[in-house]
Each structure stands twice: as structure tokens, then as C-alpha cells.
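Take a look at the structure below.
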Amino acid sequence: MRKIVIILFFCGAAVIAQAQQPLLYAQQMAQTAMNLWPDSFKIKPGNARWSYDQGVILKGIEAVWKLNGQGEYFKYIQHSMDFYVNDDGSIKDYKKEDFNIDNINNGKVLMMLYNVTRKGKYKKAIDFIFSQLKEQPRTKEGSFWHKKVYPWQVWLDGLYMGQPFYAEYAKMTHQQNLFDDIANQIINIEKHTRDTKTGLLYHGWDESKTQQWANKETGNSANFWGRALGWYGMAIVDVLDYFPNDNPKRDSIISILNRFAVAITKVQDKKSGLWYDVVNIPNNTKNYKEASASCMLVYTLAKAVRNGYIPKYYLKNAKKGYDGIIKEFIEVDANGQTNLKGTVSVSGLGGKPYRDGSFEYYMSEPVVVNDPKGIGAFILASTEMEIAAFAKPGKGKNVVLDNYFNNEWHKDGFGINKRWHYTWDEMDNGGFSFFGNIWQHYGANLCNLDAAPTAENLKNAAVYIIVDPDGYKDSKAPNFMNGQYAAVIAGWVKAGGVLLLMANDSSNCDLQHFNILSNKFGIDFTNNSLNMVKNDAFETGAVYNNTNPVFTNTKKMFLKEISAIEVKHPATTLIAKNSETVFATANYGKGVVMAVGDPWIYNEYIDGRKLPAEFQNFTAANELVKWLLKQVKKR
């Protein structure tokens, strides 16, 4: 979950990695997936098929992209989905009439593509997929059937396939009424399938109690299948990314997650850290440690700890599990490709030939190398463990983004009026979603300040960011900086606050009023505009870095349409171009100010999709965040 808090209301490297850096496991396995499925998705010979397996892989690769800012990952995701999604939004090989909940899963990838590109075909495809959910057959108490051919049945697998997409769509379209339905389906399947003795959940439940595999009293299948538990755990932590903080059923979901964590760690193999295919029968000689389940449960625990849903001590279980996965299931072949062993290819209930849910049935399914479900789950687990390994200088610190001076609104593709331009949640070119990810990777909490700054609403802020304040070009009624607001902010800095000011060139930013604040620190944003880049003449925007305490590894950055800065005491120049100050810093009382003449770390210039590789904006953004957080310690 993105820890985004509204202050005043509520606050709570890969394909083109540098040669000297070894690839982390998530990147290694992402490269394997890209090698195995370069154009479309085929598990077996024949035509490529729209398959949930591919969605698991692509969500993993998306996580790698967000972790390292390498645009090749995004391009692969888009290329993979464009094979299926036509310009009119129709989806090749999608059979809505099957009412197969598995088909929903890839919709999550399409939502990411729409949020980044705003291409209409992705929105049309998303709406089409959601139309299946609106018509999906349900049990009498309201849970989605797993498939039309599996009437009255709910499998744990289906919660992952349907609910995260459902939750993200509900948030995207502001349909708050849908969240109760989402929560109820998570709650009801736990109510029906949870074993009171072990706390584990059975693989499936048949409301009609007519299936051969179903217990005639409870409707449950007979065994606790590891990957089914993994699907359920991943469903919960992913749904919570979108679930409203003020919905009372959020606490019920988190309580389920805590019960789930207790149960799955009790059956975690103490020696290896792994989970067996049928998790509660480790001593049966036919049973085996299973890769995909282990990866999914590591992902669930690590993400749940990161987002504060379960106690921190569960990270030890995640680390032990991940170490076991690397030791037992990862191998590198003679060609240097990283492979994942030990994933059962499939397990289900009913169907033809009939699968009776017995222990013997689960043991009969083949175990394979590089199964896509296992690969995807491994990439997801690896990115979580890599984030967990980051130093956390931002732990317990609130990073507050101004939404008062920069307060632009527009109607999105769903006709909803929403704030945009340099916002945490915005994934397209002008957003700060990648910048926000970086803060979170270092442990910080993301916050927004919609109101004018006061001593009261800044008192819990460690870092305060003001970017590109509005003029009349941006808003009919802009909120201008004035002496009162500037005095409040300066007082906060003097007491130990860390302030980041990002301007823009004079035609795009209200410099006149912004300088009322910046002048207090010896910083003046001038009307002299630098780096006026035309089209893709990227070198015009080059800013070269000399050794300084902020950007220690960054050599070359891209900034365009910069307001040159003039400095006087207490400010000093940090980086200049042709004797014109681009970055400046100032010590002010117990606090620190960083100023730059451009909002240069919005998505377009740090997500790797546009800039040539020699520009190190993503690296620079990481260094900036770490430096700013370190300054907070001086308070």
C-alpha cells in the first residue's frame, strides 16, 4: 500500500544496468522471462493465449521497473499486452462468455499501461474486463464463481485473479460503494474455508456441496494447497493498496491477514524456510517443497511488514523463506540464464479429467522448471526483499508534498475531476509516482498538504516539498505565496525542517510570489531561462555534476526550461551550468533548504521511458532523497 496521508484531514539493475553492477535476482529472473517470451505468451506449442500466468510475470516486471527506473521493462510489458489489445480496446483470445475469473488478472497490467500512457485503447479494454465482473455469476452470498463451468465454487486462486483488479478499478473510478463487496468476498471465503485447528484455508469451497471433492457438511476441499494459500495472501496485500483507509472493513481484512500470517508461518519448514506443496503434511515422503507457493508467501509477508499490516518480526520468516528459495530453487545454466526449479505446473478441482482434491492428486501433477507462475511470484518476492534491504533513513518521517500552491485540476479519462501535475499518485509523464516510490523505498511516509501552511499542519513534517506554484495560466484562482505563509515556512525550517523548492521557467511558474519565500534563504529564482530544449535535442538539457555532498555518483542529469538561480548568504551554489546556478542549498537555523530551477524528477525524466541512458536522473533522485533524509537527523 502506498502510505499516502492527507495532513489536516488524516495523516498516518537489468536490461541496461551499469556493467560494474551485478544484476539482482529480480532483474536476473525478469531477463529470463523476457528471453523465454520475447513477443507473446506461449506455454505450450500453438497460438499465444490470453492467460493469467502472463499477468503474474508482468506485474513482477512492473515491480522491477519501479525499483530501478529502467525503461526497457516498461517497453516489454507494453509490447506483451499490445499483442492482445487492439486499437478499439477489444482483446484477442478473450472469451467473456466463459466467465473465467482467471481472465481478469491481466487487467491489472492494462490499468498500469493506461495510467502511464493515457491511451484510450487501454481504458476501453479495462472497461470491457470490468463488464465481466459486473455480470460474473455469484454464490448466493455474493462471491464470484471461479468459472462458469465451475458453478457455485470459490477457489482461493480466484481472489487473486479478481479482487486486486476490482479494487483498483473501484478506486480509479471513485466507486466507493464497491469496496464493501470486495471486502465481503475476502471475508466470506475465510469464513468458509478456514480450519479452526490450524488456521489454514482449504483450497476451494463449493456452496452447493455437490462436488465429489467437497465435504458434504462444509463444502470445503480436503487439503491445504500451498499455492492457493499464496494466491490468497497476495490478493489481500494487493487489495489493500487501493482499499480506503476510512472504510471500516479495512480493519477486518487486516485482521484476516494477521491470522493468515500466524497460520502460514507455523507450517513453514524450520530448516529450509520453505513451504511444502500440501503445507501441513511435510513428513509424507511424496510431498515436496514447492517454489511458487514459497515465493508467494514470502511476497505476502514482506509486503505486509513493509506496509505495517503485520508485526515486523515476520520479516525474519520472509528472509528465511527467500534464502531457502535461492538455495533450493535457483540455478544458473551454462548460458548464464537464471532458472527457477520446483514449481508445480497446475493444480485444480473437478474438471475433465476429474481432480478430486486428494493428497494423491496434488502429488500427481508435474513439477517443472521456469513455470510462469513461479517466475512471476519469484520476481515479486525478490523486489520486496530488495526493498526490505534498503537502508531506511526515512523511517518514521513524513514527507509532505504541497497541494496548495500547486493546485491544478482536470477531468480524467473517466470524467472525474481530480488533482494532477506533480502528485504522488500520478503515473503519467507529469506525475511524481516514481519520486514517491523512492521516498518509500527509504522508509518515508508520503503525505499531502492541501491547505495553506501553518505551524500546526507542518509540525509533523520532516521534509516539505513545494513545486511549480500556480499562476493564472494554471488556475483561475491560484493560491499565491505571501509574507504570512513564507514566515510560517521559514520558522519551520529554522526549527529544523528540511525544505525542497522546485521552480520552473518564468513562463510556467509564478516566480514573483515564490521568491517571497525563497528570498528568506538567499535564493532568487530569476526570469533567465536555461536549457530551452527543442523536441528531442536532449544534450541541450545536459547538466554535468562536479563532486558535491548530495550527488556523489551522478555525473550527468537532464533538466529543461530552468529558472537560473541567484544566491546570496546564507545560500550557496551546489551545481552550476555556464556560471549560472541550477541547484542551491542553504543552512537556515537548524534546518536546510534545497532549491532547483526545474521540477526535473517527474516521471517523464526518471522512469526510463524517454531519456537516453547516459542521463542519470533516476540515480540522482535516489541520491537527493537520501541526502534530504539525512539532513532531518540534524534537527
Side-chain angles (χ1 to χ4, degrees), residues 1-12 63 66-67 171 237-238 240-247 250-251 254 257 302-312 314-315 383-384 386-404 406 419 422-427 431-451 453-467 489 492-493 495-500 502 591-592 594 601-603 606 621-635:
M1 179 191 73
R2 296 179 63 81
K3 296 180 182 176
I4 298 182
V5 189
I6 307 297
I7 289 186
L8 193 67
F9 298 103
F10 45 90
C11 180
K66 291 178 178 178
L67 189 60
K171 180 179 180 181
V237 294
D238 288 356
L240 286 169
D241 287 345
Y242 312 105
F243 209 90
N245 288 326
D246 59 354
N247 187 305
R250 181 182 177 85
D251 289 342
I254 293 174
L257 183 57
K303 184 173 181 179
V305 168
R306 175 167 63 86
N307 289 321
Y309 305 142
I310 62 176
K312 295 177 183 177
Y314 283 110
L315 187 59
T383 54
E384 281 297 331
E386 288 164 20
I387 292 170
F390 274 54
K392 296 295 187 288
K395 182 179 179 181
K397 298 179 175 66
N398 294 326
V399 177
V400 180
L401 179 63
D402 161 68
N403 286 157
Y404 182 73
N406 172 43
R419 180 178 277 112
Y422 312 125
T423 66
W424 293 134
D425 279 339
E426 193 178 359
M427 293 182 65
F432 269 175
S433 64
F434 262 74
F435 190 35
N437 291 339
I438 293 169
W439 287 104
Q440 290 183 313
H441 292 161
Y442 293 108
N445 301 318
L446 301 184
C447 305
N448 297 298
L449 183 56
D450 295 351
T454 65
E456 179 63 23
N457 62 30
L458 285 179
K459 69 179 183 180
N460 293 320
V463 180
Y464 183 32
I465 304 170
I466 304 176
V467 53
I489 296 168
W492 171 80
V493 174
V498 176
L499 179 64
L500 174 60
M502 291 191 280
V592 173
M594 162 75 78
I601 42 181
Y602 48 97
N603 294 333
I606 65 171
N622 275 267
E623 293 188 313
L624 174 63
V625 165
K626 288 188 287 185
W627 183 83
L628 290 169
L629 288 171
K630 288 179 181 178
Q631 307 317 300
V632 177
K633 295 179 180 179
K634 297 180 180 179
R635 295 181 68 176

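Here the structure is a predicted model, which is why all the values come from computation and not from measurement.
At a threshold of 4.5 Å between non-hydrogen side-chain atoms, the residues Pro453 and Trp492 do not count as touching. For the pair Asn307 and Leu240, the minimum side-chain heavy-atom distance is 4.5 Å or more.
In the model, Thr423 has no side-chain atom that pairs as donor or acceptor with a side-chain atom of Asn403 under 3.5 Å.
Nearest heavy-atom pair across Val305 and Pro311 is CG2-O, 3.5 Å. When all heavy atoms of Tyr404 and Ala451 are compared, the closest pair comes out as CB-O, 3.5 Å. When all heavy atoms of Val400 and Ala461 are compared, the pair lying nearest together is CG2-CB, 3.4 Å. When all heavy atoms of Phe435 and Ile606 are compared, the closest pair comes out as N-CD1, 3.7 Å. Residue Ala304 comes nearest to Leu257 through the heavy atom pair CB-CD2, 3.8 Å, listed as atom of the first residue, atom of the second, then distance. Scanning all heavy atoms of the two residues, the minimum distance from Gly396 to Asn445 falls at C-ND2, 4.4 Å.
Of the residues listed (Tyr442, Trp627, Trp439), the one engaging Asn622 in a side-chain hydrogen bond (donor to acceptor under 3.5 Å, both in side chains) is Tyr442, and it is the only one.
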Steps toward side chain to side chain contact (heavy atoms under 4.5 Å, CB included) verdict (Val463, Lys397): CA-CA 8 Å; Val463 180; Lys397 298 179 175 66; over 6 Å; no
Run the side chain to side chain contact (heavy atoms under 4.5 Å, CB included) test on Asp238 and Lys303 for me, step by step, so that the C-alpha distance in whole Å, both residues' side-chain angles and the decisive distance to 0.1 Å come before the verdict. CA-CA 9 Å; Asp238 288 356; Lys303 184 173 181 179; 2.8 Å; yes
Verify side chain to side chain contact (heavy atoms under 4.5 Å, CB included) between Leu629 and Val625, making sure each step is shown before the conclusion. CA-CA 6 Å; Leu629 288 171; Val625 165; 3.9 Å; yes
Tell me, with the steps shown, if Asn448 and Arg419 meet side chain to side chain contact (heavy atoms under 4.5 Å, CB included). CA-CA 12 Å; Asn448 297 298; Arg419 180 178 277 112; over 6 Å; no
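Here Asn398 contributes atom CG and Leu458 contributes atom CG; the two are 11.0 Å apart, rounded to the nearest 0.5 Å. Going from atom CG of Leu401 over to atom CG of Leu500 covers 9.5 Å, rounded to the nearest 0.5 Å. Between the CG atom in Asp251 and the OH atom in Tyr309 there is a gap of 11.5 Å [rounded to 0.5 Å]. Put simply, CD1 on Ile465 and OH on Tyr422 are 13.5 Å apart, with the number rounded to the nearest 0.5 Å. Here the NE2 atom belonging to His441 is positioned 3.5 Å from the CD1 atom belonging to Ile387, to the nearest 0.5 angstrom. Ile489 CD1 to Ile466 CD1: the interatomic distance, rounded to the nearest 0.5 Å, is 4.0 Å.
Within the 3.5 Å criterion, the main-chain N or O of Phe243 finds a donor-acceptor partner in the side chain of Arg250. Using modelled atom types, no side-chain atom of Trp424 and backbone atom of Phe432 make a donor-acceptor pair closer than 3.5 Å. Looking only at distances, a side-chain donor or acceptor of Asn603 sits under 3.5 Å from a matching main-chain atom of Glu426.
Electrostatic pairing of Lys171 and Asp241 does not count as a salt bridge here, judged by no charged N lying under 4.0 Å from a carboxylate O.
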